[in-house]
Amino acid sequence: MPHAIRIHRHGGPEVLAWEDVPVGRPGPRQVRVRHTAIGLNFIDIYHRTGLYPLPALPAVLGREAAGVVEEAGSGVEGIAPGDRVAYAIHPGAYSEVALVAAGVLVPLPDDIEDGQAAAIMLKGLTAHYLVRRTRPVLAGDTVLVHAAAGGVGTIVCQWAKRLGATVIGTVGSDAKAEYARARGCDHPIVYTREDFVARVREITDSRGVPVVYDSVGRATFLGSLDCLAPSGMMVSFGQASGPVPPVDPLLLSHKGSLFLTRPTLATYIAKRADLLAGAAELFDVVRSGAVRVEIGQTYDLRNVGQAHRDLESRKTTGSTLLLP
């Protein structure tokens, strides 16, 4: 019987249990996929702790994986047994085998490996909507990216650089500063000893930046607003340090007629045409070398608890893979 990591209650990494989980045959418009590589993402921690409640418990965690199609149900078109596929937001990825809705699957080109796909589908498509759709990066922009050495941050830095931007990024250590610098971040700021607002103002000659991409949340939110130029956009797309407190809209007015958005990937890939178009752009920048797939560390799926601990304590760099 296939195994999966399942939780029966919310809590710390200790609630992650390796269990036998039966997987039946695919129903209409479903596909049975045997996973070869699984992506680790901060949203997995939010689901584990209950910050983002799951529909019901027990539940198999994980939202991103790559694998091989074993069987396709009725009504499935364009996907057949033996095909290599990947997906970005579908529950149940922490498993050896899963039933996946055919509509979320992206066929993998021959030149994109399973590990690459599992490392970049969620993070890469997130980076895509940030720099190409939410607030498109333009040549000549100076942008601020928080967590610049993380999975999404690393891709955003490289992609923004490819688009002609000057990239400022916050990181937690000198080692991560060098890591980010080698991946498109022109001005890494070690936030543990530097005032990132003062440094951004210094780098931009007090003009500020037109956009901040912030996945950290509570710890950086107000400072991020202070980094923006008039009419700049604050893109708050994560909350690694905790949820952002309620914001009075007048604050945006007082700080320069700012824009604030809290986007989510699900909105941007709800239409299959948008999913496939975004994935095609992502694969193009990867195969061109403009965006390197950074797999910083791998863990056996059984050992996902340690992977969660390392991600929460910011010990990881780049993307993390879980191997079933």
Side-chain angles (χ1 to χ4, degrees), residues 1-10 15-41 43-44 47-48 52-110 112-122 124-125 265-266 269-276 278-280 283 298-305 307 321-324:
M1 183 178 295
H3 294 87
I5 296 291
R6 191 158 58 172
I7 65 169
H8 294 260
R9 59 185 175 86
H10 297 299
V15 304
L16 299 164
W18 175 256
E19 299 179 343
D20 292 336
V21 177
V23 179
R25 299 189 65 184
R29 294 178 294 281
Q30 278 189 326
V31 173
R32 179 176 166 127
V33 178
R34 179 164 294 276
H35 292 145
T36 53
I38 300 159
L40 176 71
N41 297 281
I43 194 172
D44 304 346
H47 286 151
R48 190 201 75 217
Y52 289 0
L54 293 164
L57 295 178
V60 178
L61 296 187
R63 309 276 286 179
E64 169 186 47
V68 178
V69 174
E70 291 189 329
E71 185 178 357
S74 62
V76 174
E77 298 180 358
I79 298 174
D83 287 353
R84 297 169 53 248
V85 294
Y87 58 90
I89 49 171
H90 192 283
Y94 284 12
S95 58
E96 294 177 322
V97 178
L99 297 179
V100 183
V104 306
L105 292 172
V106 174
L108 292 181
D110 291 340
I112 300 294
E113 299 174 356
D114 290 15
Q116 289 179 307
I120 63 169
M121 284 299 293
L122 194 152
L125 288 173
L265 175 59
I269 60 173
K271 296 179 180 178
R272 182 155 180 81
D274 290 336
L275 167 64
L276 296 179
F283 295 154
T298 61
Y299 301 80
D300 289 339
L301 180 57
R302 286 174 179 261
N303 197 29
V304 68
L321 288 186
L322 307 172
L323 303 179

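None of the values given here were measured: they were computed from a predicted structure.
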Heavy-atom pair with the smallest gap, counting every atom of L301 and S95: CD2-N, 3.8 Å
For V60 against Y94, the heavy-atom pair lying closest together: CG1-O, 3.6 Å
Any L61 side-chain heavy atom under 4.5 Å of R48 side chain: yes
Parallel, tilted or perpendicular: ring planes of W18 versus H3, cut at 30 and 60 degrees: parallel
Min side-chain heavy-atom separation V31-P26 under 4.5 Å: no
Where V23 and P2 come nearest, the two heavy atoms and their spacing: CG2-CG, 4.3 Å
Backbone of N41 reached by a side-chain donor or acceptor of D44 within 3.5 Å: yes
Closest non-hydrogen atom pair, L108 against A117: CD2-CB, 3.6 Å
H90 side chain vs R63 backbone, donor-acceptor pair below 3.5 Å: no
Any V97 side-chain heavy atom under 4.5 Å of E70 side chain: yes
Gap separating the CD1 atom of I79 from the CG atom of L105, nearest 0.5 angstrom: 4.5 Å
Between CD1 on residue I43 and CG on residue L122, distance to nearest 0.5 Å: 7.0 Å
Heavy-atom side-chain contact between E71 and Q30 under 4.5 Å: no
Test: E96 and R34 ion pair at under 4.0 Å: no
Donor-acceptor pair, side chain of H47 and main chain of P53, under 3.5 angstrom: no
Stepwise side chain to side chain contact (heavy atoms under 4.5 Å, CB included) test for V21 and M1: CA-CA 7 Å; V21 177; M1 183 178 295; 5.9 Å; no
Residues R29, E77; criterion side chain to side chain contact (heavy atoms under 4.5 Å, CB included); working and verdict: CA-CA 8 Å; R29 294 178 294 281; E77 298 180 358; over 6 Å; no
Over 12 foreign heavy atoms within 6.0 Å of CZ, R272: yes
R25 side-chain N/O to A72 backbone N/O, donor-acceptor pair under 3.5 Å: no
Short side-chain to backbone donor-acceptor contact, E64 and M121, under 3.5 Å: yes
Main-chain N/O of A80 paired with D83 side-chain donor or acceptor, under 3.5 Å: yes
Minimum heavy-atom distance between L275 and G103, given as atom pair plus value: CD2-O, 3.7 Å
The single option from L321, L322, V304, I5 passing side-chain contact (heavy atoms from CB on, under 4.5 Å) against I38: L322
4.5 Å side-chain heavy-atom contact, Y87 and V100: yes
V33 vs H35 side-chain heavy atoms within contact, under 4.5 Å: yes
Minimum heavy-atom distance F283-P107, with the two atoms named: CE1-O, 4.2 Å
Interatomic distance, I7 atom CD1 to L54 atom CG [nearest 0.5 angstrom]: 5.5 Å
Rounded distance (nearest 0.5 Å) linking atom CZ of R84 with atom CG of D114: 4.5 Å
